[in-house]
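Worksheet for the structure shown next.
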Amino acid sequence: MKRTIKQFVCAVTAAVVMFGGMHAPMAVCGQDYRPLSAAGRLADDAGVTVTTRGEFMDALQQHKSPITVQGLISIGEDADSDGRMLPVMIPEQTVIQGAAGSEICSRAPIQLQGDGVCFKDIRLTFESSNALGSVPHREIFLAGHSLILDGVNTYLEGGGDLGPLGGTEKELLPTVYAGGFSNTLVSENASLTVKNSVSETMFQAIYMGHGSGSDDKSSYMGRAVLNLDADATVRGVIDTSQNSQAEINLSGAENKYANAKSFAGNENTTLTLSKITAESAELENIGTVVIQENACLSPKTATLNNVVLKSGACLDFNAVTDAAVTGNFAGEENQKAEKGILVLNTNGSLTVRGNVTGTTQFQTGHRLFPGVLLADRSYIFANTGSGTETEFVLAQKYIESGFEMNYHAGAWTVTGQPVISAEISSIRILGAPSVVDLRKIVQTEDGTVPDESAYFEITWYDENGEEFSYDDVIDYYMFYEDDYVIRIRTDYWESDSSEILDRTDWFLPVSLSAFPDSPGKYYLAACEGAQPGDYTFLFCSEYFEGELNTVADVKALKDTVLAEQRVIFYDQDTEEPEKPEHKHSYEAVITREPTCMEAGEKT
């Protein structure tokens, strides 16, 4: 279904300074290294613990490893003749690890001098900002070498509230470049691995290939590998558009959501998703997208180049109507393995301009709950002769309902009886909470119920007065999702004032979720950005298309609203409110008083 609505700051110190196969070899963090010296001789010491800048720089110069940092160390003192901060150089095979609570705060870029560099369990921040009109230098230069960031926190709050002294940036995040600082030599093994990320493992952008740019960087256009886990956040783009060959690997546990969403590449870029979900992703010129091991890609981009979809993974094109694959579409080749799933909008289509191979399951709506099929409709198109009958097959639920998928002359067409009518004549809310603690209903990463006491009991009826079965609601229609249910501030919904019609601050990002083993119950889950307040849930007779931006947009749907439910949400910053008196605008919407126990109580 289509969705309508998804420290320590060193600013003062910074201001003072401103005024003056193809996988690259990588280190395994935590290994007992005996690093090579510049002359190729083994270093005498296995490692060292440092507490000051001087000790840290001496350890780098002497090629010590591992270097254990205790406390806060500020680095990056040197500048060139133009005032540009010179990078701190990290020798090859150097492991830098932190004792609990330790941090390296750099005023300058960091650059690798060889492969096998690793930062582990440490906070690594860059304080350079645009304060007082200066140019920030928060670069990590790989110089064509390999780097591992293992459990590294890179977030530093900006100093925007300090005026000119603090700069205008809200976040001071590093940008990774595969090349190097001006006039430095680069190698040919550019590789970055980010693993065991924490919530503040963040980057502004990652350029695994790039030119010299306005600041005369040493460019890098060779081969590159990027391994990124789900929790690592990239605010901007991951760019491999200038690499001769590149791999971008996103991985994580199932139901983990990727925090990187923008990718740019070329025909020699392969983006692989494994056990991870990437929603609202933007892909520009990615040569081949591989989706495997139950991963899910939901692109905002309507056109992809080559696609490999296998081993239970999902390509969800719900966000676009007319999708296209300009190259080849490869499904699962192993007939004993779980097939990949292609999900289209009910009114959408997919055109494949290359060849189709393997086998892929097709459905609409959702990867877990097949949606409505339109009979005698062609959903998938390919060049005549490039496909066969078995290359796209229907979900078992459709087959049991009497549908078939037939291939003829380059088109896969659904035939059979349409599903039962989806016309809603009435809605009854049998139970609902009056007051809910937002802290207890935060959406879980694994998709489980956040709070088993916070749910609605709802029944929908068709035009004949017959109750829609729970299976039909969750498998086909999804009447409880965002296409049918609106959450609006109660004062806005009940107001007749024209002054509120242009307001856009009406929405509450709290959704309803269904689970097959809890028939009739629809559980509350709070998404990011949910705020305390008094809200009314509006249950509509028809799904609404387009975006709802203003209160006026919502009020325009008033005639489709068949049921309302008021709920007050609170959190640690607000006191638990008294239960409100329920106001129901429609006859027989509620047949009895709510029986669900309020959030915060146990059933």
Side-chain angles (χ1 to χ4, degrees), residues 21-27 87 92 109-117 138-149 174-195 203-229 232 234-251 258 260-274 276 278 281-292 297 299 301 303-308 326-328:
M22 181 177 82
H23 294 285
M26 294 181 290
E92 63 180 329
I110 286 177
Q111 179 163 312
L112 310 189
Q113 289 182 303
D115 290 328
V117 175
R138 298 190 297 272
E139 303 97 340
I140 297 176
F141 291 113
L142 303 181
H145 299 298
S146 63
L147 171 65
I148 295 177
L149 299 178
T175 297
V176 178
Y177 292 95
F181 193 77
S182 301
N183 301 316
T184 57
L185 296 177
V186 298
S187 186
E188 299 178 350
N189 295 315
S191 171
L192 172 64
T193 296
V194 183
K195 63 182 184 177
F203 304 90
Q204 190 60 47
I206 298 176
Y207 294 92
M208 297 305 290
H210 57 87
S212 58
S214 59
D215 54 355
D216 196 31
K217 291 185 289 290
S218 292
S219 62
Y220 187 87
M221 299 180 183
R223 299 182 300 173
V225 176
L226 171 63
N227 302 306
L228 200 66
D229 65 7
V234 183
R235 295 295 191 207
V237 68
I238 293 174
D239 195 325
T240 61
S241 60
Q242 299 191 54
N243 291 100
S244 60
Q245 193 170 2
E247 294 180 8
I248 304 172
N249 301 306
L250 299 183
S251 61
K261 296 182 182 296
S262 179
F263 306 88
N266 57 37
E267 61 183 2
N268 299 315
T269 296
T270 299
L271 169 64
T272 301
L273 282 72
S274 305
I276 194 171
E282 298 182 68
L283 284 65
E284 181 181 349
N285 297 326
I286 301 297
T288 301
V289 178
V290 179
I291 316 167
Q292 61 186 16
L297 173 65
T301 309
T303 301
L304 303 179
N305 292 331
N306 297 289
V307 171
V308 177
T326 59
N328 300 324

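- Contact check for Val289 versus Phe263: no side-chain heavy atoms found under the 4.5 Å cut-off.
- Atom CG of residue Leu297 and atom CD1 of residue Ile291 lie 4.5 Å apart, to the nearest 0.5 angstrom.
- Judged purely by distance below 3.5 Å, without hydrogens or angles, the side chains of Glu282 and Thr301 never pair a donor atom with an acceptor atom.
- Note that the CG atom of Asp239 and the CD atom of Glu284 stand 8.0 Å from one another [nearest 0.5 Å].
- Taken from CD1 in Ile148 to CG in Asp115, the straight-line distance is 10.5 Å, to the nearest 0.5 Å.
- Residues Leu271 and Leu250 meet the side-chain proximity criterion, which asks for heavy atoms closer than 4.5 Å.
- The backbone N or O of Ser182 sits nowhere less than 3.5 Å from a side-chain atom of Asp216 that would complete a donor-acceptor pair.
- Using a distance-only test at 3.5 Å, with no hydrogens or angles considered, a donor-acceptor pair links the side chain of Asn268 to the main chain of Ser244.
- A donor-acceptor contact shorter than 3.5 Å links the side chain of Asn266 to the backbone of Asn243.
- Counting only heavy atoms from C-beta outward, the side chains of Glu92 and Gln113 never approach each other to under 4.5 Å.
- A distance of 7.5 Å separates CD1 in Ile276 from CG in Asp229, rounded to the nearest 0.5 Å.
- For the atom pair CE (Met221) and OG (Ser241), the distance works out to 9.0 Å, reported to the nearest 0.5 Å.
- Relative orientation of the Tyr177 and Tyr207 rings is parallel, given thresholds of 30° and 60° on the angle between their planes.
- Between the OH atom in Tyr220 and the NE2 atom in His145 there is a gap of 9.5 Å [rounded to 0.5 Å].
- Annotation: side chain of Ile286 is not in contact with side chain of Leu304 (no heavy-atom distance under 4.5 Å).
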